[in-house]
**Student:** 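Here it is, the structure in full.
What you see is a predicted model, and the numbers here were worked out from it, not measured in a lab. Proteins get letters first, then strands, A, B, ... in listed order; numbering begins at 1 in each.
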2 protein chains.
Amino acid sequence: MNRDTASARPADPAESRPSRATVGRLSLYLRQLEGILGQGTLKVSSRQLGQAIGITDVQVRKDITYLGNLGQPGIGYPTRDLIAAIRRVLCIDREWAVALVGVGNLARALLRYKGFLQRGFRIVALFDADPSKVGERVEGLEVHPPEKMREVIAATKAELGLLAVPSDSAQAVADSLVNAGVRGLVNFAPVVLRLPAHVSLVAVDLTVQLEQLAFQVQHTDVD
Amino acid sequence: MNRDTASARPADPAESRPSRATVGRLSLYLRQLEGILGQGTLKVSSRQLGQAIGITDVQVRKDITYLGNLGQPGIGYPTRDLIAAIRRVLCIDREWAVALVGVGNLARALLRYKGFLQRGFRIVALFDADPSKVGERVEGLEVHPPEKMREVIAATKAELGLLAVPSDSAQAVADSLVNAGVRGLVNFAPVVLRLPAHVSLVAVDLTVQLEQLAFQVQHTDVD
DNA sequence: CTTTGTGAATTGGTTCACAGCT
DNA sequence: AGCTGTGAACCAATTCACAAAG
């Protein structure tokens with residue numbers, strides 16, 4: 001049996017960090033769990049969770065191991081505790097201020113989507129290089145010119161950035177955001193960004209995704 | 001429909017399929033290569049390609065292995081041939097007809113993006129359940145009601161689907177698309193879809209991505 | 001019975017080291 | 001010299017098999 005150092009918080013430096021893949025699944029568990037808790041279900045099994053997102057129960061348990069020891073053999077996991085533990089590990093047990101650059105259709109879609117705020121991500125600043133958009137109010141936020149980036153990001157304490165600009169300007173805008181103090185960003189433009197090592201990057205590249213899909217489709221046996 | 005252009009390649013039975021990860025990188029190579037060829041550069045080395053997208057030259061060569069033997073020691077790869085080979089392996093050496101469901105801001109962003117067509121993906125049909133949108137023309141395409149899905153998808157020969165609808169309706173719309181004969185789809189809604197095995201799925205889940213980013217940011221050492 | 005937890009085995013992917021070609 | 005191709009080694013991630021607990 002594993003020596004359990006603490007009841008509440010492992011905070012074990014020796015304990016390995018969840019892998020990238022595990023982090024992704026923890027997000028998915030969290031969403032399922034919120035639904036499950038909303039239905040008043042207080043206990044949940046790894047099998048339940050696994051079936052909900054289409055993976056095995058063993059995988060679920062392995063992932064949950066990173067959260068500490070909160071399973072009850074023969075019973076399952078307390079829904080509420082699981083949620084809290086996942087939020088803590090994912091670092092979304094607090095609010096993240098987010099800057100959004102490029103106020104086009106994609107940005108409007110992102111602004112409308114209420115799921116972000118619900119999960120701790122608040123869009124606090126908008127930027128666009130187009131003078132005709134500057135000053136406009138979108139979803140209650142004023143659009144600022146790029147020149148004010150440093151100032152506004154400092155004032156709003158934005159730590160993350162969403163890049164919804166055309167490919168040509170993506171690298172320059174990314175540089176500005178990093179310069180203004182942003183620590184991580186999501187790039188929607190289909191270009192590879194070069195960033196300093198201390199800035200995290202997630203690329204959402206729809207071209208790549210569509211090509212993945214085409215490949216998959218072509219290689220799935222037609223029943 | 002599926003014809004093996006076997007001019008250059010000896011049918012290699014032992015040759016394994018490129019992994020998911022490799023397929024993703026091939027997309028990235030392709031984009032770089034198109035730029036490189038546009039500059040008139042006819043030969044490219046694995047080191048060049050690797051630096052362009054931030055990975056090692058060995059990784060690039062390993063990936064390119066799946067395309068067959070087209071490197072020239074001491075020289076590099078012929079840009080044009082590499083492009084052709086990647087397009088063939090990714091199955092984008094032809095045009096894919098794509099249906100788009102849910103004509104909101106995200107859909108408009110997708111429609112405006114010209115990169116898809118350039119890479120062989122043509123959006124040929126729009127659907128929306130909102131009667132006020134049905135009949136409207138967006139980027140030259142008429143918005144159809146869901147009832148006409150089967151008919152329109154058959155007529156347009158759409159094989160792929162983009163789901164840009166709210167979470168509540170995502171599963172139902174996915175079922176309809178599958179029923180109408182679509183063979184793969186990209187889901188932008190933050191829900192896990194259940195699909196028959198013969199239908200491919202790519203999930204673009206922004207909530208998960210943002211949570212990944214938050215986690216990364218929190219775990220990168222501040223210089 | 002049900003369920004969790006986990007070492008061991010396995011599969012998958014990347015990096016290393018070096019042979020061979022230009 | 002520079003570059004490709006690839007077995008081997010290494011690392012990461014998943015699955016297996018089973019012990020232990022409610």
**Student:** Are any of the side-chain heavy atoms of A:I92 and A:F121 separated by less than 4.5 Å?
**Tutor:** yes
**Student:** Distance-only, no hydrogens or angles: does the A:R150 side chain make a donor-acceptor pair with backbone N or O of A:N179 under 3.5 Å?
**Tutor:** yes
**Student:** Mind calculating the distance between OH (A:Y77) and P (D:dG22) to the nearest angstrom?
**Tutor:**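 Distance, rounded to whole Å: 14 Å.
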**Student:** Can you tell me if the side-chain N/O atoms of A:Y66 get under 4.0 Å from OP1 or OP2 in C:dG5?
**Tutor:** no
**Student:** To the nearest 0.5 Å, how far apart are CG in A:N105 and OH in B:Y113?
**Tutor:**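 So the gap between those two atoms works out to 15.0 Å.
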**Student:** Checking B:R47 now: which residues fulfil side-chain hydrogen bond (donor to acceptor under 3.5 Å, both in side chains) with it, not counting sequence neighbours?
**Tutor:**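 Partners of B:R47 by the side-chain hydrogen bond (donor to acceptor under 3.5 Å, both in side chains) criterion come out as none, since no residue qualifies.
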**Student:** What integer distance in Å separates A:N69:CG from C:dT3:P?
**Tutor:** 19 Å
**Student:** Which residues pass the side chain to side chain contact (heavy atoms under 4.5 Å, CB included) test with B:L70, not counting sequence neighbours?
**Tutor:**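 Partners of B:L70 by the side chain to side chain contact (heavy atoms under 4.5 Å, CB included) criterion, ordered by chain and then number, come out as B:I64, B:Y77, B:L82, B:A85.
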**Student:** Please give me every residue in residues 201-214 of chain A whose heavy atoms get under 4.0 Å of an atom in DNA chain C, ordered by residue number.
**Tutor:**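 Residues of residues 201-214 of chain A under 4.0 Å from DNA chain C: none.
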**Student:** Who are the side chain to side chain contact (heavy atoms under 4.5 Å, CB included) partners of B:T156, not counting sequence neighbours?
**Tutor:**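 Only B:V124, B:A125, B:V152, B:A158 meet the side chain to side chain contact (heavy atoms under 4.5 Å, CB included) criterion with B:T156.
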**Student:** Is there a donor-acceptor contact under 3.5 Å from the side chain of B:Q212 to the main chain of A:V23?
**Tutor:**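 Not confirmed, B:Q212 side chain does not pair with A:V23 backbone.
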**Student:** To the nearest Å, give me how far apart CG (B:L70) and P (D:dG5) are.
**Tutor:**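 Nearest whole value for this atom pair: 7 Å.
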**Student:** Can you tell me how far C1' of C:dT14 sits from CD1 of B:I53, to the nearest Å?
**Tutor:**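 In whole Å, C:dT14 C1' lies 14 Å from B:I53 CD1.
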**Student:** Taking atom CZ as the centre, does A:R122 end up with more than 12 heavy-atom neighbours from other residues, nucleotides or ligands that are less than 6.0 angstrom away?
**Tutor:** no
**Student:** Test: side chain to side chain donor-acceptor pair (under 3.5 Å). Region: residues 32-42 of chain B. Which pairs qualify, not counting sequence neighbours?
**Tutor:** B:E34-B:R87
**Student:** Output a table of nitrogen or oxygen pairs between the protein and nucleotides 17-22 of chain C separated by less than 3.5 Å.
**Tutor:**
residue	atom	partner	partner atom	Å
C:dT22	O4'	B:P73	O	2.9

**Student:** Tell me the bend of the helix from C:dC1-D:dG22 to C:dT22-D:dA1 as the angle between end helix axes, each from five pairs, rounded to the nearest 10 degrees.
**Tutor:** 0°
**Student:** Taking B:Q59 for the side chain and B:T56 for the main chain, is one N or O donor matched with an acceptor at less than 3.5 Å?
**Tutor:** no
**Student:** Quick one, which residues of residues 33-47 of chain A touch DNA chain C with a heavy atom under 4.0 Å?
**Tutor:** A:S45, A:S46
**Student:** List the residues meeting side-chain hydrogen bond (donor to acceptor under 3.5 Å, both in side chains) with B:Q171, not counting sequence neighbours, and say none if there are none.
**Tutor:** B:D175
**Student:** Are any protein N/O atoms closer than 3.5 Å to N/O atoms in nucleotides 11-14 of chain D? If there are, list each pair with its distance.
**Tutor:**
residue	atom	partner	partner atom	Å
D:dT14	OP1	A:R25	NH1	2.9
D:dT14	OP2	A:R25	NH2	3.0
D:dT14	O5'	A:Q59	OE1	3.3

**Student:** Check whether any side-chain heavy atom of B:F127 lies under 4.5 Å from a side-chain heavy atom of B:S176, and answer yes or no.
**Tutor:** no
**Student:** Check side chain to side chain contact (heavy atoms under 4.5 Å, CB included) between B:K157 and all other residues, then give those that pass, not counting sequence neighbours.
**Tutor:**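 If we apply the side chain to side chain contact (heavy atoms under 4.5 Å, CB included) test to B:K157, skipping adjacent residues, there are no hits.
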**Student:** In whole Å, what is the span from the CG atom of A:D57 to the P atom of C:dT4?
**Tutor:** 8 Å
**Student:** Expressed as a whole number of angstroms, how long is the span from B:L49:CG to D:dG5:C1'?
**Tutor:** 16 Å
**Student:** I want to check something: taking the side chain as every heavy atom from C-beta on, are A:E211 and A:T207 in contact at a cut-off of under 4.5 Å?
**Tutor:** yes
**Student:** Quick one: list whatever passes side-chain hydrogen bond (donor to acceptor under 3.5 Å, both in side chains) with A:D81, sequence neighbours left out.
**Tutor:**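 With sequence neighbours excluded, A:D81 shows a side-chain hydrogen bond (donor to acceptor under 3.5 Å, both in side chains) to no residue whatsoever.
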